[in-house]
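What follows is a single structure, written as structure tokens, with notes after it.
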2 protein chains.
Amino acid sequence: MQHWIIDREASPLPTWREAMPAAQLLGRGQLGVVRFAGPGVIWSRLHAGEPVANALDGVDRSGGQPVVLLSDVPEEAQVLEALALGVAGCCNSRAAPEVLRQVAVVVSNGGLWVGQSLLRQLVGATSRRLGQLPRDTENDDWRLLLSEREVQVARLVAGGASNKEIADRLAITERTVKAHLTAIFEKLAVRDRLQLSLRVNGVRI
Amino acid sequence: MQHWIIDREASPLPTWREAMPAAQLLGRGQLGVVRFAGPGVIWSRLHAGEPVANALDGVDRSGGQPVVLLSDVPEEAQVLEALALGVAGCCNSRAAPEVLRQVAVVVSNGGLWVGQSLLRQLVGATSRRLGQLPRDTENDDWRLLLSEREVQVARLVAGGASNKEIADRLAITERTVKAHLTAIFEKLAVRDRLQLSLRVNGVRI
DNA sequence: CCGGCGACTGTACTTTGGTTCAATGGATTC
DNA sequence: GAATCCATTGAACCAAAGTACAGTCGCCGG
């Protein structure tokens, strides 16, 4: 896996070299000509005081490689802004090498990476918000009628996935996905995946 | 570091043994007499369909060890509920050994662990709440992008109707319904009726 | 008057979804 | 050990969804 590190002044920290010895270092000025190809991670450093957009400016993201923000002064608002811009993660630019390696693993597998403190805040805010809502349990009946595997399939369908996508995700054949779906339709008395989606997502028909 | 695994029927999965060969396995019945001492992680399994509170019931947490929920059927609401109860993390009970080891490292250092899909939702929910940058506008925008007739069709599709049903309801041919749908998919940049339904019903994708 | 847009429809086609046969292996239960 | 449930897959098939290409009609603004 390739690593590309973008830094304003091309001043890499030693920890980066340790975590990614084979990384290619790029100054922001060189970005015009660089095209990222193949699997890898794009790391972009944000110096203290800089606006978040600077880190993404001029970065060719058509290759699909995840971008990780290396922030000198990480803070929650900055991280959220960066995530909204499509960044796969943010971490302290002075994070330890093993942390950087872990971040790379997570984001290169399609995951997001946020720091522990931000995570706590996100969780706190959300659970507080949920606590105020009346938790309707009657909507959960569908899960009780299905097997574990069927619940997994139902969730993916409800999220808009095609049979092929579900098959890939669960590492089974499309045929098996269809078999599960037929069973689900029967058990929940719905006629197709769209009505299943409505049921799972709690939309009254 | 010590690992304690609590399971209702003391039926450990082989992956657990692989991740934590020296773990001590406990049935729920034995909890009355067990006191956790020294550094370590308490893993508690939640079987499918069980209320979250079961996993914490009778667990002596005075020792300060983090508790991780091993859920057979992990889902967002459950994870949030568990976190509100003071759990340090939740993961799929069938997670790979290396994942379990990683979870152990994180939580034993005071971190929280949540799955990638939940993290995405938390980030999405929070950034939507803070700045209305990403989907907030998009979500109600669908109507503005469509013609009057297309809105009617979109609504019926979102409610689970088939093309034939829509045609009958609007007194047009099935062919015309398809034409409207093709236009709708194009305008809203979705690929099929299910994703359209999610968009119209305001479900986060 | 013309160009563009929206509503509407036809024929023909490809793709995806879903069902009907059928079968295997594991786990659990009686 | 038989019975049952679950997960898995194959081949074949039908139906629904969706696309491509093409065309008509009415309305509206320049």
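Only a predicted model underlies this, so the values are computations on that prediction, with no experimental measurement involved. So you know, we letter chains A, B, ... as the sequences are listed, proteins then strands, and number each from 1.
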| said: I'd like to compare against my own output: the B/S/- annotation of nucleotides 15-30 of chain C with a strict under-4.0 Å heavy-atom distance to protein. | reply: --BBBBB---------

| Side-chain N,O (S147(A)) to OP1/OP2 (dC5(D)) below 4.0 Å | no

| message | Regarding E165(A) and R191(B), does a basic nitrogen lie under 4.0 Å from an acidic carboxylate oxygen? | response | yes

| task | With rounding to the nearest 0.5 Å, note down the distance linking CD1 in I6(B) to CD1 in I42(B). | result | 6.0 Å

| remark: In terms of heavy-atom contacts, A23(B) and I5(B) come closest through CB-CD1, 3.7 Å

| Backbone N or O of A158(A) within a donor-acceptor pair of the R199(A) side chain at under 3.5 Å? | no

| field | Interatomic distance where CD belongs to E186(B) and C1' belongs to dT19(D) [whole Å] | value | 12 Å

| remark: For P66(A) and G40(A), the nearest pair of non-hydrogen atoms, with its separation, is CD-O, 3.3 Å

| note | R149(B) atom CZ is separated from dC27(D) atom C1', nearest whole Å, by 16 Å

| query | Atom CG of L146(A) to atom P of dC5(D): distance rounded to whole Å? | reply | 15 Å

| message | Expressed as a whole number of angstroms, how long is the span from L145(B):CG to dG6(C):P? | response | 12 Å

| request: Just call it for T176(B): base, sugar-phosphate, or nothing, with non-hydrogen atoms closer than 4.0 Å on any strand. | output: base

| task | For L170(A) and dC6(D), give me the distance from atom CG to atom C1', rounded to whole Å. | result | 15 Å

| said: Between A171(A) and K187(A), which residue's closest nucleotide on DNA chain D lies nearer the 5′ terminus? | reply: K187(A)

| request: Measure from CD on Q152(B) to C1' on dG6(C) and round the result to the nearest Å. | output: 13 Å

| Sub-3.5 Å donor-acceptor pair from the side chain of S44(B) to the main-chain atoms of L69(B), do we have one? | no

